[in-house]
Amino acid sequence: MDSIANSRDQSVTQITDHLAQVRRRVETAASVAGRRTEDITIVAVSKKQAATAIAAAHAAGQRDFGENVVQEAVSKITAIELPGIRWHFIGRIQSNKTKAIARYFDWVHTVDRFKTAQKLDAQRPHYAAPLEICIQVNLAGEPQKGGVATDEVLALAAALKELPRLRLRGLMTVPPLDADLTTTGAAFRQLRELKSSLVAAGYPLDTLSMGMSGDLEAAIQNGSTMVRIGTAIFGPR
Ligand SMILES: *Cc1c(COP(=O)(O)O)cnc(C)c1O
């Protein structure tokens, strides 16, 4: 019993420390970029992590959590009821999972098809606020990855206007895994420019969801407002 309790305390301390380190990285990157830390939200990516790890991060002040597998997420979301917690869906949207996504999540970062967006809109419960969404953009045209092509973003944004239960907040991207920081930085800059062009076209977007454990500095330098951080907070999966 004691050793279990100890190892649990240890992991709580570790998550608290890691979270403090990530917050410092965000602060430093914001300051280097001449931006305000308050304009950047850390989404703690808790996929494959236990409910106890989520509770530890919540106790350390973390409120936004990201998950990418619906079933795993729903079992945690329904088990953990912590005040002020916000759930972000960051995985591929399968059309037979839209109902659960619409019901349990506050944000969806990975909208890339009008058809699934229509289902999310129709299935968002009436008692809940509109679902906050981002269009995922596949900048490098990677076939195995979700996201719309750069030249399809405007058309999807226009179509989403007719879905009142969804609120388009911005754009999201995941750069190629093997890209170096220069290439990744260029991708982040490209997403920012794409968002600016949508703003110029009359879409009031305020969100750029980009940056993970390894590249949050490059993302913040290029205007990220939401960094999605897993391993740097929770350790390896
Ligand atoms: C897993 C995941 C992350 C977090 O990645 P880390 O490198 O662990 O910080 C961010 N975004 C998406 C879409 C993910 O699937």
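Numbering of ligands and ligand atoms starts at 1, following listing order.
Among the atoms of Gly214, none of the N or O lies under 3.5 angstrom from an N or O of ligand 1.
Proximity to Arg228 (heavy-atom distance under 4.0 Å) selects the following atoms of ligand 1: 4 (C), 9 (O), 10 (C), 11 (N), 12 (C), 13 (C). Those atoms of ligand 1 that come under 4.0 Å of a heavy atom in Ile229, given as number and element, are 9 (O). Below 4.0 Å from some heavy atom of Gly230 lie the following atoms of ligand 1, by number and element: 4 (C), 6 (P), 8 (O), 9 (O).
For atom 6 (P) of ligand 1, the nearest non-hydrogen atom of the protein is Ser213 OG, 3.5 Å. Protein heavy atom closest to atom 12 (C) of ligand 1, with residue, atom name and distance, is Ile90 CD1, 3.6 Å. Of the protein's heavy atoms, Met212 SD, 3.1 Å lies nearest to atom 10 (C) of ligand 1. Nearest non-hydrogen protein atom to atom 15 (O) of ligand 1 is Lys47 NZ, 2.7 Å.
In this structure, Glu72 pairs ionically with Lys76, as a charged nitrogen and a carboxylate oxygen lie closer than 4.0 Å. For Arg86 and Asp106, the salt-bridge test fails: no basic side-chain N is under 4.0 Å from an acidic carboxylate O. We find that Lys47 and Glu67 are not joined by a salt bridge, their nearest charged nitrogen and carboxylate oxygen being 4.0 Å or further apart.
A cation-pi arrangement, defined by a distance under 6.0 Å to the six-membered ring centre and an angle within 45 degrees of its axis, is present between Lys161 and Tyr203.
Of the N and O atoms on the side chains of Thr231 and Ser213, at least one donor lies less than 3.5 Å from an acceptor on the other residue.
In this structure, Arg237 is part of the shell of residues with a heavy atom less than 4.0 angstrom from ligand 1.
The main-chain N or O of Ala60 is never found under 3.5 Å from a side-chain atom of Thr16 such that the two would form a donor-acceptor pair.
No side-chain heavy atom of Trp107 sits under 4.5 Å from any side-chain heavy atom of Val43.
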